[in-house]
Amino acid sequence: MIEYIRGAVAALNPAAAVIETSGGVGYLLNISLPTFSAIEGRSEAKLLVHESIREDAYTLYGFADERERELFRLLIGVSGVGASTAMIVLSSLGANELGAVIATGDAKRLKGVKGIGTKTAERIIVDLRDKIKPTGHTLVLQSGAEAARRSDAFDEAHAALMMLGFDRKASDKVLSAIFDEDPTLKAEQAIKKALPRL
């Protein structure tokens, strides 16, 4: 079982990272927006790992800290919540806000996350309320990117949404509207705004 992977950040986007170890092996890990923000701009990183092994796939999920990995594992243990949905929840809310949402029983906030319906939101709260404690406020993403970077940020956000399984045309339409509202957004901020609209 892989506990963590440490190495050079060979590739990075808001949905995935490739970490190259000293042995020259590159590991592809699915990541959340908070983890992307935590390692963005770094040449090396250490990601805690959750392995998903099925007959048709071997997938690695990477996390910048133990709390986020534990929340991911708790979420996928809830009936009706798969790994992709859990990553979208973590990307939409962040670990701290998710803890607060569950602790306060805010099903309405959970239902605002793509892929989470009323029953699933209530099930998450009932199943996890005693296991999750809030530790602060939601993650504040960096802001103030220059307008000239809009094209790169748009492309990066669009590619990440494709990797998360969202429809190409719908993603393009939503992102266009978001960047029209604020052309200075960074990719991860645009994705966070786009998730509830898709």
Side-chain angles (χ1 to χ4, degrees), residues 1-22 25-53 58-78 81-104 106 109-110 112-116 124-125 127-143 156-157 160-161 163-164 186-196:
M1 183 178 210
I2 300 173
E3 174 63 16
Y4 66 85
I5 295 174
R6 186 203 310 268
V9 180
L12 179 67
N13 67 55
V18 175
I19 306 297
E20 183 177 344
T21 63
S22 58
V25 178
Y27 293 90
L28 173 66
L29 301 102
N30 293 308
I31 61 173
S32 67
L33 285 178
T35 291
F36 171 78
S37 296
I39 65 174
E40 184 183 20
R42 291 167 49 183
S43 59
E44 293 191 356
K46 173 185 174 182
L47 292 180
L48 301 173
V49 175
H50 174 84
E51 297 173 274
S52 174
I53 302 172
Y58 175 50
T59 307
L60 299 178
Y61 297 89
F63 306 92
D65 61 63
E66 182 59 45
R67 178 170 172 79
E68 188 181 32
R69 179 170 66 172
E70 182 59 26
L71 284 170
F72 173 82
R73 288 174 168 170
L74 289 171
L75 283 169
I76 62 175
V78 175
V81 179
S84 295
T85 300
M87 292 303 275
I88 292 173
V89 170
L90 289 169
S91 291
S92 298
L93 301 177
N96 292 334
E97 185 177 356
L98 175 60
V101 163
I102 292 172
T104 59
D106 190 354
R109 182 73 183 92
L110 266 178
V113 176
K114 174 71 175 179
I116 302 294
I124 288 172
I125 290 170
D127 288 1
L128 304 185
R129 179 174 279 169
D130 293 335
K131 300 175 183 177
I132 294 179
K133 304 297 180 192
T135 60
H137 300 292
T138 184
L139 178 72
V140 178
L141 299 176
Q142 296 176 0
S143 61
E156 195 173 354
L161 290 173
M163 291 182 69
L164 288 170
K186 294 180 71 174
E188 64 266 30
Q189 293 172 308
I191 294 166
K192 190 166 185 178
K193 286 178 174 288
L195 290 172

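Throughout, residue positions are numbered sequentially from 1 according to the sequence presented.
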Participant: Grab the two heavy atoms, one from Lys114 and one from Ile88, that are nearest each other, plus how far apart they are.
Facilitator: O-CG2, 3.9 Å
Participant: Using the ring pair (Phe, Tyr, Trp, His ring centres under 6.0 Å) criterion, which residues pair with Tyr61? Sequence neighbours excluded.
Facilitator: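 Phe72.
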Participant: Is the closest side-chain heavy-atom distance between Arg73 and Phe63 below 4.5 Å?
Facilitator: no
Participant: Ignoring hydrogens and geometry, is there a side-chain-to-backbone donor-acceptor pair from Ser91 to Leu33 under 3.5 Å?
Facilitator: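 Yes, the answer is positive, given that a donor and an acceptor are paired below the 3.5 Å cut-off.
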Participant: Do Leu128 and Leu75 have side chains that approach each other closer than 4.5 Å (heavy atoms only, starting at C-beta)?
Facilitator: yes
Participant: Between Met87 and Asn30, which heavy-atom pair has the shortest distance, and what is it?
Facilitator: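 Taking every non-hydrogen atom into account, CE-O, 3.6 Å.
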Participant: Out of curiosity, Leu29 CG to Leu12 CG, how far, rounded to the nearest 0.5 Å?
Facilitator: 11.0 Å
Participant: Please report the closest heavy-atom contact between Ala17 and Ile39, naming both atoms and the distance.
Facilitator: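 In terms of heavy atoms, the two residues are closest at CB-CD1, 4.2 Å.
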Participant: Can you tell me how far the NZ atom of Lys193 sits from the CD1 atom of Ile191, to the nearest 0.5 Å?
Facilitator: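 It comes to 13.0 Å.
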Participant: Over all heavy atoms of both residues, which pair between Gly94 and Pro34 is shortest? Give the atoms and the distance, please.
Facilitator: CA-CG, 4.1 Å
Participant: Any side-chain heavy atom of Leu60 sitting closer than 4.5 Å to one from Ile5?
Facilitator: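 Result yes, sub-4.5 Å side-chain heavy-atom pair found.
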Participant: As an exercise, state the distance from CG of Leu164 to OG of Ser32, rounded to the nearest 0.5 Å.
Facilitator: 10.5 Å
Participant: Quick check: does any side chain N or O of Thr85 sit under 3.5 Å from a backbone N or O of Val81, one acting as donor and the other as acceptor?
Facilitator: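 Checking the backbone N and O of Val81 against the side chain of Thr85, no donor-acceptor pair under 3.5 Å is found.
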Participant: Nearest 0.5 Å, please: how far is NZ in Lys46 from CD in Glu3?
Facilitator: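 One finds 8.0 Å between CD of Glu3 and NZ of Lys46.
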Participant: Taking the side chain as C-beta and beyond, is there a heavy-atom pair between Ile19 and Val9 under 4.5 Å?
Facilitator: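 Touching, per the 4.5 Å side-chain cut-off.
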Participant: So, do Val113 and Leu195 sit near enough that their side-chain heavy atoms are less than 4.5 Å apart?
Facilitator: no
Participant: Please round to the nearest 0.5 Å and tell me the distance separating atom CD of Glu156 and atom NZ of Lys186.
Facilitator: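 Taking CD in Glu156 and NZ in Lys186, the distance rounds to 9.0 Å.
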Participant: Are any non-hydrogen side-chain atoms of Ile125 and Asp106 less than 4.5 angstrom apart?
Facilitator: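 Ile125 vs Asp106: side chains apart.
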Participant: Which atom names give the shortest non-hydrogen contact between Ala16 and Leu28, and what distance separates them?
Facilitator: CB-CD1, 3.9 Å
Participant: Pick one: which of Val89, Leu93, Leu90, Ile76 meets side chain to side chain contact (heavy atoms under 4.5 Å, CB included) with Leu71?
Facilitator: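 One option only clears the test, and that one is Leu90.
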Participant: Does any N or O in the side chain of Glu68 come within less than 3.5 Å of the main-chain N or O of Asp65, such that one atom is a donor and the other an acceptor?
Facilitator: no
Participant: Does this structure show an ion pair linking Glu70 with Arg67, if we count only N-O contacts that are shorter than 4.0 Å?
Facilitator: no
Participant: Rounded to the nearest 0.5 Å, how far apart are CZ of Arg6 and CG of Leu48?
Facilitator: 10.0 Å
